[in-house]
2 protein chains.
Amino acid sequence: MPPETDSSVPPQSAVSLDVLALRFWPDDETVHLGITHRKAQPFLGRLALPGVLLTRGARLADDAHRAVTTKLGVPASAIRAVGQLITFDEPNRDPRGPTLSIAMWAVCAPVESTADWAPLSAVPALAFDHDRIVADCRPLLAAKLWSDLTFTRALLGDSFSATRAVAATAALRRDPPNPANLNRLMASIPTLSRTDQRVRHHSTGRPAAIWTWT
Amino acid sequence: MPPETDSSVPPQSAVSLDVLALRFWPDDETVHLGITHRKAQPFLGRLALPGVLLTRGARLADDAHRAVTTKLGVPASAIRAVGQLITFDEPNRDPRGPTLSIAMWAVCAPVESTADWAPLSAVPALAFDHDRIVADCRPLLAAKLWSDLTFTRALLGDSFSATRAVAATAALRRDPPNPANLNRLMASIPTLSRTDQRVRHHSTGRPAAIWTWT
DNA sequence: ACAAAAGTGTTTTTTATACACCCATGG
DNA sequence: CCATGGGTGTATAAAAAACACTTTTGT
């Protein structure tokens, strides 16, 4: 068995995939981002986005699933949807050597996991350039709400109250939306319709209507 | 010299970078896409987008430059700007094995090259999944015009006539813009201003104003 | 003068935003 | 019956699109 010539650097940069895993469960007041303490060097113990190296032959969606399941402990069945964001290519973003990162989003359904979940408005400092990834991708996520319906449905669920629609929108955008206008925005989406059911989120005030996808 | 164990598959998919290289030179009536006959298998001799494998430690912009210079014969100094589009991850998009492709755009200045240039409205069939890449990326390019000013300036040049602004817009969008409205759109861009100079593109009709970036 | 193309003025449509006020409910 | 939050109606603003018409040129 000939000695491996590990001294020869690989011809390509490594390519990793980092996931902005979101959750907005029925009892969540805001959208949360899934993060985890790193189990290995570098940045051992530090908080970071769930990430994996790309697998040969895998789709990006598959690798995103793997990152969420293995790093956040979320079962695959609880991943409602995933999608692509942008690629980060700073050569020094990983101290181990040049590593591209393809940023993806994922939305997780309510389930037990080993992840830490930070409100999107209070994400702690993260390892690598993950602070920058979160900062750069946040406007992209905000733009997806109500325009990328796969993303929107995954985040809000198959049926949701108007109150929660307001909360999700407030979490992703800078300032909270006008509830009256958001109501009309939802009414203008063909695949979304309002039901007669109402639900109460506060001890007082009118209960909110339930909306469902058709 | 021990035999190379080429039978061991690499752990990651290869990652290539394919470039939608655009030109819109003073004498071009429409925007053209740079393509080239492949010099190697697979698809030897077939037309394809210029593409390269990622280089370790390189920025995506560097590799995009390399693809345009080596595959299209465009000197580096003639590449006005480059940028990122989206990543394609069909596992079977390359017969040699799983290969991701990061699609980039580039804009080339007038200069001699070895490339074929096809009008964007008449791109011939291409190798790999490059037809799909062009189809998927075209709306993204259309959206960049007049909103991504780096892209817009690279395409139209430092100064350009209103007539050419109309032609470039018609080339990237489906149907031609209303010249009156495009005129106002340009006037609303702070870094763009109209000069007193006029230029004639047709044998008849009023000559068009020249616009410049400030 | 006429045809062709650029550009202006103006209207219309659409979309987004704002805000006054009515509705439903628990205390 | 009042405070609270949901929802409707409507006004306002901004942006986009449409279209009639004027200007500038070569023939």
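Sequence lines set the chain letters: A, B, ... in the order given, protein chains first and strands last, and positions in each chain run from 1.
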Rounded to the Å, how far apart are Leu185(B) CG and dA16(D) P?
8 Å
Nearest whole Å is fine: how far is dA16(C) C1' from Leu182(A) CG?
13 Å
Could you tell me whether Glu29(B) atom CD has more than 12 heavy atoms of other residues or ligands within 6.0 Å of it?
no
Measure from CZ on Arg173(B) to C1' on dA16(D) and round the result to the nearest Å.
12 Å
Does Arg194(A) place a side-chain N or O at less than 4.0 Å from the phosphate oxygens OP1/OP2 of dT8(D)?
yes
Are any of Ser203(A)'s side-chain N or O atoms less than 4.0 Å away from OP1 or OP2 of dG27(C)?
no
Atom CZ of Arg96(A): over 12 foreign heavy atoms under 6.0 Å:
yes
Using a cut-off of 4.0 Å on non-hydrogen atoms, how would the nucleic acid contact of Ala180(A) be classed: base, sugar-phosphate, or nothing?
base
Give the nucleotide from the list dG5(D), dT24(D), dT25(C) with an atom nearest to the side chain of Pro207(B).
dT24(D)
Looking at Asn183(A), does any N or O in its side chain come under 4.0 Å of the phosphate oxygens OP1/OP2 on dG7(D)?
yes
List the atom of Leu172(B), the atom of Ala142(B), and the distance in Å for their closest heavy-atom pair.
O-CB, 3.4 Å
Please compare Gly205(B) and Asn181(B) by the position of their nearest nucleotide in DNA chain C and report the one closer to 5'.
Gly205(B)
Side chain of His202(B) - closest among dA6(C), dG7(D), dT25(C)
dA6(C)
Which nucleotide sits closest to the side chain of Arg200(B): dG7(D), dC19(C), dG26(D)?
dG26(D)
Between dA6(C) (P) and Arg198(B) (CZ): distance, integer Å
11 Å
Measure the distance from CG on Asp175(B) to C1' on dA18(D) and round it to the nearest whole Å.
13 Å
Is a donor-acceptor contact shorter than 3.5 angstrom present between the side chain of Arg206(B) and the base of dG26(D)?
no
According to a strict under-4.0 Å criterion, is Asn178(A) in side-chain N/O contact with OP1 or OP2 of dC19(C)?
no
Would you mind reading off the distance between His201(B) atom NE2 and dT24(D) atom P, rounded to a whole angstrom?
18 Å
Ile210(B) CD1 to dA6(C) P, straight-line distance once rounded to whole Å
12 Å
Under 4.0 angstrom between Thr163(B) side-chain N/O and dA5(C) OP1 or OP2
no
All heavy atoms of Arg164(B) vs all of Leu156(B), minimum pair found to be O-CD2, 3.9 Å
Any idea which heavy atoms bring Ala127(A) and Arg38(A) closest together, and the distance?
CB-CD, 4.2 Å
By nearest atom, which of the nucleotides dG9(D), dC19(D), dA3(C) is closest to the Arg184(A) side chain?
dG9(D)
